[in-house]
Number of protein chains: 4
Amino acid sequence: MKFKVSAGLAYDIIAPSTIILNIHALRTAHQTVLEETLFIDPYIKIEELNATNGENRFVRLELPETGHINIKYEALVDTYYEVKDYSAVEETPVGRCDASVLPYLNPSRYCQSDKLSRMANNNFGQINSPFEQVFAITDWIYRNVEYLSGSTDSETSAYDTVTQQAGVCRDFAHLGIALCRALTIPARYFTGYAYQLNPPDFHACFEAYLGGDWVLFDATRLAPLNGLVKIATSRDAADASIASIFGNLYCTNMQVSCEYASQEPFSPLYYTKSIFDGITYL
Amino acid sequence: MKFKVSAGLAYDIIAPSTIILNIHALRTAHQTVLEETLFIDPYIKIEELNATNGENRFVRLELPETGHINIKYEALVDTYYEVKDYSAVEETPVGRCDASVLPYLNPSRYCQSDKLSRMANNNFGQINSPFEQVFAITDWIYRNVEYLSGSTDSETSAYDTVTQQAGVCRDFAHLGIALCRALTIPARYFTGYAYQLNPPDFHACFEAYLGGDWVLFDATRLAPLNGLVKIATSRDAADASIASIFGNLYCTNMQVSCEYASQEPFSPLYYTKSIFDGITYL
Amino acid sequence: MKFKVSAGLAYDIIAPSTIILNIHALRTAHQTVLEETLFIDPYIKIEELNATNGENRFVRLELPETGHINIKYEALVDTYYEVKDYSAVEETPVGRCDASVLPYLNPSRYCQSDKLSRMANNNFGQINSPFEQVFAITDWIYRNVEYLSGSTDSETSAYDTVTQQAGVCRDFAHLGIALCRALTIPARYFTGYAYQLNPPDFHACFEAYLGGDWVLFDATRLAPLNGLVKIATSRDAADASIASIFGNLYCTNMQVSCEYASQEPFSPLYYTKSIFDGITYL
Amino acid sequence: MKFKVSAGLAYDIIAPSTIILNIHALRTAHQTVLEETLFIDPYIKIEELNATNGENRFVRLELPETGHINIKYEALVDTYYEVKDYSAVEETPVGRCDASVLPYLNPSRYCQSDKLSRMANNNFGQINSPFEQVFAITDWIYRNVEYLSGSTDSETSAYDTVTQQAGVCRDFAHLGIALCRALTIPARYFTGYAYQLNPPDFHACFEAYLGGDWVLFDATRLAPLNGLVKIATSRDAADASIASIFGNLYCTNMQVSCEYASQEPFSPLYYTKSIFDGITYL
């Protein structure tokens, strides 16, 4: 399926600064970037950082002068996902996880899975199927955590959200990840463009490692699971900020869009209770 | 009902120190201390501190010399409680709470009710009767928090326990209090001797202010609610340590007992779901 | 010295609510309220709550109807303080503290003195004179914590401020209190009107118990120590909110003023390094 | 320089489990493992996990049966380090950091650099030379944090240690890392065998990225900086546990040793104030 995505960012530069942007659609075996443009005004040479793990496409900008800068990213992306029945998929034993998957079992800055072990086991430990466990986790988050813009900040972590029960997509994802890891299910942060997300914005959700696949979950239920364009995956938001800023500058404007660009009609997919079809972006 | 209670404490005094003990059975209009002895070996003059609020009977010991000290408290106490049906009791509006009750709505060191507001409302906000709310709180704690000696320490607070889900009686009480206050139900810490508590120890539970009464609740379910001898009530454990120590000494032994001393048979009372009989110690 | 103080508060009442106001100048043996008015528009009968401990003058308003309410408090207050040299004053042993002073050694919601023990001793434990210790505490706070409006919220505590190093007067006071208590110096929160505070607002600072006196300290250095009109003292802000709100209403306006009203010239007092004159409001 | 290192671990296996061990001396361009043996009794086939980043040599053991297992690792390792004067080395701008270095600027589970920004800048922001900054950080930690076995646990993080001021080598390293990152100096966790560490144990310290080198720092000062055999580097201890355990087993014994095995005499190196010679293990 094709999506036309764009991100517009404007900054006031108070002092010479460096930005690392994380807004490019990921290029993978199955997510094809058909067209892509990055406008920068005034023009500045950028540097693409090659992530050795293929999980992101960071771009670094050196801003040597004060003033104002406009950045506009546009791309036409062909995404591909598979839907599979995970009802019979059992938990992947740690002994059979690939080495590259193991770090996603560790606690991280915003996902203190080591502190949520009892809570996860008390609430979800009795469920046999791991897909059902992760679905139950997202269901618990959806029912207990209120989506509330401005209720959290960049220091908020899963440990806070489990009790404070308010947050945005990033907080929903962190709590989902932390609870999965606490149950020994590898889980990672997913950030991307999301079709039909309203208001339009970058979106965050998460992937759980089930039966050898990274299966997508979104506790917010704010966008169809098959309308996502992947930007990056990572341990948590600490490694996947849309813009990491070093120096002194302020974002004065941000605009994000994601439009459907295929001919065939788009039929939105969401998970539903007792149907264990999971979506994987390859 | 009569109970014979005792507390034996032994300390190694490394440097001149002060201890404030909080082990005396409270003297109230209805809890009568029939006999009472405090042995101190070697003998040291103690000072009784008169709590202006009548909530405790602190005793202060100045230990000017290093060495060893044995303290033994024994008392025969006649307790009195009332059982009342609280099913029709409505929440006491803040506007009608006595000024002396209002502080028990505020957050305290171990009961950060201000941070538990959403969690409390999400889980217990739909319940109409305040007695049923508090019972549901204790039921949630009983089902979700594991009673596990040594799992917590003197810094553990309700905010931790709601997520870490393990603790001792003090932690169960703090979480109960914090959740009540988050629902605008005044609640206070209760420490005392407990008949049939096994192993014998000081016990902590809590009182919620319902219909003008301080009704007893115990999320641990480890001792009958009608077998308690009150030592103190307070905002939380910060104000009701069994022994507050200033200086340098170590507790080398502690023994607590509570025996039933009435003729009539003791029939243990516990709350049960859907029966809204509450117990108040006057 | 005489001060004319005022506080204007306006609220939008969304649903029937209760407010407990804490804006009245305290009446003590030495702080005399010469004139006092409380305007409420539309008129509503208020209830004065008698604090048994004499530490505040709470006023309760029942707001049974939605709409808008204006509250205006005005008073002419004659304050009295003493200045004394505390250089030779030694630490008050716990054994000689009055029972009413002991609670101010305990940790409280925003002053987790139990967690700051090593930090307090490492930084201030080597100082002999307790006045000098408390002055050094305020000096450390002044030098390390940035006064920054909006940097903290109602959940911020001393444990946060010691590391995050930004806050407002309330945070400065909480950290001062927590560090004093960690050194076994009783300390309490002080809220009041402050002459020459700019911009005008309610102010918070703290009192440490030295040589039998409650000596005033203010780590913000934003207002002269002798220009304060006491509203309340308490364990921390949990017990001394300007307005405790139960229900659903929003503050739409707040204005505070404090003017000097004596004939003799006002000469502002601040503590200075190596002069150990402390101020006590009686 | 050659070192003979060994690690003996014994476990009681309660239920089938998986262990991932992180005890093998790292093989790098300059750290040569001359001899190496891993005894497992009873014998179990192990799996070496190839870290794509070359930062560790994890080994995975499947323990399918209950019982007891003994593991003994022994190696003869030739280490190599360089000493360089860093007094003139300036901070590496983010714009010139290699992509592989950037993750070490992000906050992680135990190193919440995002929360320590003010504290780091207040204490170390005025120092010009980055080597001197990092040395000042380790000096602050050494002077303020007490090395105290058992004072912390696996949940303790840099945010706690900055205030609680007690910990073990892991906590010293986490705080050092967090403060570096807060100053935009990339920093990573280093775990290894340490000659002359007393009592013998695995050791943790950290590396800061200065002038293109990963320079070693150890805030504990418990072992010479030139007597280390690297096991792994990582973001923090979350990724470098000596043994990650999945299942149910208990460590019943652990013994670690590190002996010097070269002919030439060993002359221990420590950093000293005002000499800016830094050590890098290549």
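Reminder, nothing fancy here: chain letters follow the sequence lines and each chain counts from 1.
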Using the ring centroid of each side chain, check whether D/Trp214 and D/Tyr104 are separated by less than 6.0 Å.
yes
Side chain from CB out, backbone as N, CA, C, O: work out which of these in A/Ile19 comes under 4.5 Å of a heavy atom of chain D, or both, or neither.
neither
Counting only heavy atoms closer than 4.5 Å, note whether D/Thr184 contacts chain A via side chain, backbone, both or neither.
side chain
Distance-only, no hydrogens or angles: does the A/Gln31 side chain make a donor-acceptor pair with backbone N or O of A/Leu26 under 3.5 Å?
yes
Whatever's closer than 4.5 Å to a heavy atom in chain A on D/Ser244 counts as neither
Pick out which of A/Ile185, A/Leu175, A/Leu183 makes a side chain to side chain contact (heavy atoms under 4.5 Å, CB included) with A/Ile137.
A/Leu183
For the side chain of A/Arg181 and the backbone of A/Leu116, is there at least one donor-acceptor N/O pair under 3.5 Å apart?
no
Greatest number of non-hydrogen atom pairs under 4.5 angstrom with chain D, of A/Pro103, A/Ala99, A/Ser108, A/Ser234, falls to A/Ser108
Check whether A/Tyr110 gets within reach of chain D through its side chain, its backbone, both or neither, counting any heavy atom under 4.5 Å.
side chain
Determine the minimum heavy-atom distance between A/Leu148 and A/Ser151, stating which atoms define it.
O-OG, 2.6 Å
Which atoms of D/Glu62 approach chain A - backbone, side chain, both or neither, heavy atom under 4.5 Å:
side chain
Counting heavy-atom pairs under 4.5 Å with chain D, which one of A/Leu61, A/Leu105, A/Val94 comes out on top?
A/Val94
Give, as side chain, backbone, both or neither, the part of A/Ser154 having an atom under 4.5 angstrom from any heavy atom of chain D.
backbone
Winner by heavy-atom pair count (cut-off under 4.5 Å) against chain D, out of A/Asp98, A/Asp236, A/Asp239, A/Leu49
A/Asp239
Taking the ring centre of each residue, are D/His24 and D/Tyr73 less than 6.0 Å apart?
yes
Euclidean distance, D/Phe206 CZ relative to D/Leu179 CG, rounded to 0.5 Å
8.5 Å
